[in-house]
There are 2 protein chains.
Amino acid sequence: MTARQPPTSRGPYRKSAATRTTILDAALEVFAVSGFHSGSLRDVARLVGMSEAGILHHFADKVTLLAAVLEHRDAVDIEQFRRLSADGESSLHALIQLAKSNESRERIIRLYATLSGESTAPDHPAHEHFVDRYVRARAFLRESFDALDRRGLLRAGVSAESAAIGTIATMDGLQTQWLLDPDAIDMSAQLAQYLSAVTEITFSAEV
Amino acid sequence: MTARQPPTSRGPYRKSAATRTTILDAALEVFAVSGFHSGSLRDVARLVGMSEAGILHHFADKVTLLAAVLEHRDAVDIEQFRRLSADGESSLHALIQLAKSNESRERIIRLYATLSGESTAPDHPAHEHFVDRYVRARAFLRESFDALDRRGLLRAGVSAESAAIGTIATMDGLQTQWLLDPDAIDMSAQLAQYLSAVTEITFSAEV
DNA sequence: GTCTATAAACCGATAGAC
DNA sequence: GTCTATCGGTTTATAGAC
């Protein structure tokens, strides 16, 4: 699996993994700005400084490349989130921190804003991915709100499920407005306000 | 301006206006499902039962067609909303009714979900349109929440501006989740819950 | 007002040399 | 592992006939 490959011309051993990562990063940039359909392999190739055929040596086709970008991002994001959170209330605080840190990661936000809209089309190559992503996100957040509910900290009339749906909707919707008009929107403060309104806890965007 | 034109072959007088409307409707469908970049004039033409050149006789180019679709939708939506609303509190109730009625207008929701994501790219032909749209939407909703605030009906710690931003974010985010998984999301109920959480009023999705 | 034909550009993917 | 060359397909838009 990780056996060395002979140097073919002048490259060092096992350059593939690094190249793959470089390509993934460029592809993220392209898909974030232009979406899947409109983002071209030519753009990715130009960004990497490689030919289109070079890209397709590492990824079978364009759909495979998109899937790899999303898979890679998910792994990184889940890891970061797990590092921040533990249980119930504190995982919601972690969410605010995540929103705060995202403000310096416009590319990532743009990727999901662009692709989530595009992928609502049933035949989009990432459609299933996003359906699953939201199912998982709702289930995860519902657990956090369930924990609050058991401690009587959920506002009257609010269910754990609806709070989960509303939290995700808030985050997504804020991102769209923020991308269109960054100075007008304070994402983490808005999220803190939503969570405060829907629970009996006072959340804050401050560290 | 509305002077009759002579019949050229077999058509009746002033067929243009009707044809334009037919094209706009087809274009809305195409842009809603595929977005601007990926939705093609060919698709529009096929839907109308006309050639691509036929479409371009009525609209100078693709960008003009998109602008016309958005302009037409805005006019219709503003009209519908004005018909429902009057002042302050009741205009928020109108918003819930709008969310409810939208549940049977998937095309429209899909159009805005798809295009708002796509148009976050600064060089997208509808970028300015959406920036303006959100500025106007926030200003309009802020007035409604200001009216509530003056009556002491805004939840402590919530400003009219942030409530406006949060309301729009909630609506947008719900639409994305609803498009991906319609059975899992009750848009109007969720919106009512958000408004109830952020004000001292109990909103309901029921008529 | 609508069509056919076509220009000119761009796209994804493959073949094959090195 | 990367390149050049190329095929077949798509796109927007224009020219010109009817």
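Hydrogens, waters and symmetry mates play no part in the numbers below; they use all other heavy atoms, side chains included. Quick caveat, the model's predicted, so the values are computed rather than measured. Each chain gets a letter, A, B and so on, in the order its sequence line appears, and its residues count up from 1.
- B:L56 comes within 4.0 angstrom of a nucleotide base, judged by non-hydrogen atoms across all strands.
- Checking the phosphate oxygens (OP1, OP2) of C:dG1, a side-chain nitrogen or oxygen of B:S16 falls inside 4.0 Å.
- Here B:H57 reaches the OP1 or OP2 of C:dG1: one of its side-chain N or O atoms lies under 4.0 Å away.
- Atom CG in B:D43 sits about 11 Å away from atom P in D:dT10, given to the nearest Å.
- The distance from atom CE of B:M50 to atom C1' of C:dT4 is 15 Å, rounded to the nearest whole Å.
- Side-chain nitrogen and oxygen atoms of B:H37 include none within less than 4.0 Å of the OP1 or OP2 phosphate oxygen of D:dT12.
- For A:D61 against A:L56, the heavy-atom pair with the smallest separation is CA-CD2, 3.8 Å.
- The residue A:S51 sits close to a base: some heavy atom pair falls under 4.0 Å.
- With D:dG1, D:dC3, D:dA15 as the choices, the nucleotide that has an atom nearest any side-chain atom of A:A53 turns out to be D:dC3.
- Using a 4.0 Å cut-off between a side-chain N of Lys or Arg and a carboxylate O of Asp or Glu, B:R82 and B:D77 do not qualify as a salt bridge.
- Using a 4.0 Å cut-off between charged side-chain N and carboxylate O, A:D181 and B:R138 make a salt bridge.
- Between B:F59 atom CZ and C:dT2 atom P the separation is 12 Å, expressed in whole Å.
- Atom NZ of A:K62 and atom P of C:dA13 are 8 Å apart (whole Å).
- Between the CG atom of B:D61 and the C1' atom of D:dT11 there is a distance of 14 Å, given to the nearest Å.
- Whole-Å rounding puts the B:L41 CG to D:dA13 C1' distance at 9 Å.
- Ion pairing of A:D25 with A:R20 is absent here, as no side-chain N (NZ or NE/NH1/NH2) approaches a carboxylate O to less than 4.0 Å.
- Between the CZ atom of B:F31 and the P atom of D:dT11 there is a distance of 13 Å, given to the nearest Å.
- Remark: B:R42 is in phosphate contact with D:dT11, judged by side-chain N or O atoms under 4.0 Å from OP1 or OP2.
- Because its NZ or CZ atom is both nearer than 6.0 Å to the ring centre of B:Y112 and within 45° of the ring axis, B:R133 counts as a cation-pi partner of that residue.
- Protein atom CD of B:E52 is 17 Å distant from nucleotide atom C1' of C:dG1, rounded to whole Å.
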